[in-house]
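Atoms within each ligand, like the ligands themselves, are counted from 1 in listed order.
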Amino acid sequence: MTMSDLPSHDRYLRALRCEPADTTPVWVMRQAGRYLPEYRATRERAGSFMGLAQNPEYACEVTLQPLQRFELDAAILFSDILTIPDAMGLGLSFAAGEGPQFARPVRHASDVARLAVPDMDGELRYVMDALRLIRRELDGRVPLIGFSGSPWTLACYMVEGRGSKDFATLKTMCWSQPKLAHQLLDTLARAVASYLIAQAAAGAQALMIFDTWGGLLGPAPFREFSLRYMTQIVARLQADPASRELPVTLFSKGATAHLAALADSGCAGLGVDWTIDLADARAAVNGRVALQGNLDPAILRATPEVIRREVRAVMDSYGNHPGHVFNLGHGITPDIDPEHVKVLVDEVHAYGRQLREQ
Ligand code: CP3
């Protein structure tokens with residue numbers, strides 16, 4: 001088979017295995033989201049964000065919306081990382097314009113002791129039903145990504161009870177009650193591993209762990225409170241027949257200093273934010289894992305010419321090597337013109353072909 005015969009639906013999985021493909025695969029974090037008018041319309045019908053996420057038909061509909069507009073190389077389950085704490089009984093709500101909130105945050109030893117791994121066929125069944133439906137509707141067009149938050153990032157929200165700049169409440173717990181923090185993180189690591197194994201069994205073809213707040217930690221605490229638990233999860237996924245074959249991508253935002261340590265976790269790929277050139281990120285991991293990233297999402301506010309130029313700069317930095325999954329360095333924001341996303345996706349594919357001919 002020559003390279004041009006490779007089916008496009010394979011690009012994303014090939015890149016994660018560091019195998020050559022006809023061009024660079026691309027998907028966009030938060031690709032199903034508020035920048036799309038059709039997403040806002042479905043959300044309106046669903047009544048709320050959780051109403052949307054917990055209804056498999058709605059979740060399937062919005063998962064597929066960006067694929068109808070753009071030639072994306074992967075679909076990502078429409079859901080949220082906070083489904084696990086919600087299923088643990090913390091009472092999740094999204095107040096308009098305020099982000100997530102928990103009615104019952106985790107503060108005391110008794111709160112941590114009460115937490116149990118949720119039933120994947122019970123409280124979280126809606127996630128698995130959505131995955132089964134999306135796989136059926138995708139019909140092999142592109143692979144489907146399942147995901148979870150990392151234990152550290154979930155704990156940030158669970159202990160704080162809401163979003164925060166520094167998640168000082170959990171950080172205080174780490175230094176004043178380290179045993180309690182570890183007990184919480186250990187429960188979460190078991191929950192996340194079961195959740196991702198169940199997602200694999202329900203049809204996810206690749207898995208991603210969002211460690212959005214890993215970058216709040218210095219090197220030693222990062223290894224102790226964040227990386228250690230993600231490494232445990234990767235090992236559990238590799239030991240289970242349902243998830244063994246699935247590539248796992250870890251994304252610790254703001255953690256470019258820890259890329260080499262992250263590459264030792266056993267993951268297939270690492271998400272990279274825009275604060276490092278991909279050439280340097282690739283050198284840091286010694287080409288051992290695939291890299292996903294890393295255009296600054298703010299560049300999508302610029303003109304199409306600037307977007308194309310910056311897309312090429314990211315791709316030039318990675319160079320003509322296998323193992324690059326193009327993405328933003330963090331989620332797309334609601335203010336972006338969908339036409340600019342089309343410019344990005346089409347430029348990645350066109351320039352990826354050009355790079356391979358050099
Ligand atoms: O990427 C995708 O398209 C899949 C869907 C997805 C959502 N959230 C949908 C969502 C994914 C992968 C997430 C992950 C997530 N959720 C993370 C990790 C990635 C990251 O962005 O750092 C985090 C930290 C959360 C927690 C969360 N959920 C926050 C802080 C918020 C509110 C902030 C905001 O952007 O409004 C959410 C809500 C949320 N999750 C929305 C979407 C599309 C917006 C809610 C709405 O429609 O009103």
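Of all protein heavy atoms, the one closest to atom 45 (C) of ligand 1 is F49 CD1, 3.5 Å. Among all protein heavy atoms, the one lying closest to atom 24 (C) of ligand 1 is Y157 OH, 3.3 Å. Protein heavy atom closest to atom 14 (C) of ligand 1, with residue, atom name and distance, is I81 CG2, 3.6 Å. What sits closest to atom 13 (C) of ligand 1 on the protein, heavy atoms only, is R30 NE, 3.7 Å. Protein heavy atom closest to atom 28 (N) of ligand 1, with residue, atom name and distance, is D80 OD1, 2.7 Å. Regarding atom 11 (C) of ligand 1, its nearest protein heavy-atom neighbour is F147 CZ, 3.7 Å. Ranking the protein heavy atoms by distance from atom 18 (C) of ligand 1 puts T212 OG1, 3.2 Å first. With respect to atom 35 (O) of ligand 1, the closest heavy atom belonging to the protein is R34 NH2, 2.7 Å.
For atom 38 (C) of ligand 1, the candidate residues are W27, Y35, F210, F94; the nearest heavy-atom contact is made by F94. Between atom 4 (C) of ligand 1 and the options T83, L36, L77, the minimum heavy-atom separation is to L77.
Looking at F251, F167, F222 one by one, the single match for ring-ring contact (aromatic ring centres under 6.0 Å, His included) with W213 turns out to be F167. Under the side-chain hydrogen bond (donor to acceptor under 3.5 Å, both in side chains) test applied with H349, the options D73, T24, T23 reduce to a single match, D73.
Below 3.5 Å of separation, one finds an N or O of Q31 facing an N or O of ligand 1.
Counting heavy atoms under 4.0 Å from ligand 1, residue H330 touches it through the side chain alone. Contacts between P100 and ligand 1, counted as non-hydrogen atom pairs separated by less than 4.0 Å, involve the side chain only.
Residue contacts with ligand 1: A32 is included, with a non-hydrogen atom under 4.0 Å away. Heavy atoms of Y39 come nearer than 4.0 angstrom to ligand 1 in at least one pair. Distances shorter than 4.0 angstrom occur between a heavy atom of S79 and an atom of ligand 1.
A cation-pi arrangement, defined by a distance under 6.0 Å to the six-membered ring centre and an angle within 45 degrees of its axis, is absent between R162 and F102.
In this structure, a donor-acceptor pair under 3.5 Å is present between the side chains of Y229 and H182. Of the N and O atoms on the side chains of D316 and Y351, at least one donor lies less than 3.5 Å from an acceptor on the other residue. The closest side-chain donor-acceptor pair between Q292 and T249, if any, does not fall under 3.5 angstrom. There is no side-chain donor-acceptor pair under 3.5 Å between T63 and Q31.
Using a 4.5 Å cut-off on side-chain heavy atoms (C-beta onward), P297 and I332 make no contact.
In this structure a side-chain-to-backbone donor-acceptor pair under 3.5 Å is present from Q65 to E38. Between the side chain of S48 and the backbone N or O of G51, at least one donor-acceptor pair lies under 3.5 Å.
With ligand atoms numbered from 1 in the order given, ligand 1 contributes 1 (O), 2 (C), 3 (O), 4 (C) to contacts under 4.0 Å with heavy atoms of I76.
More than 12 heavy atoms of other residues, nucleotides or ligands sit less than 6.0 Å from atom CD of E19.
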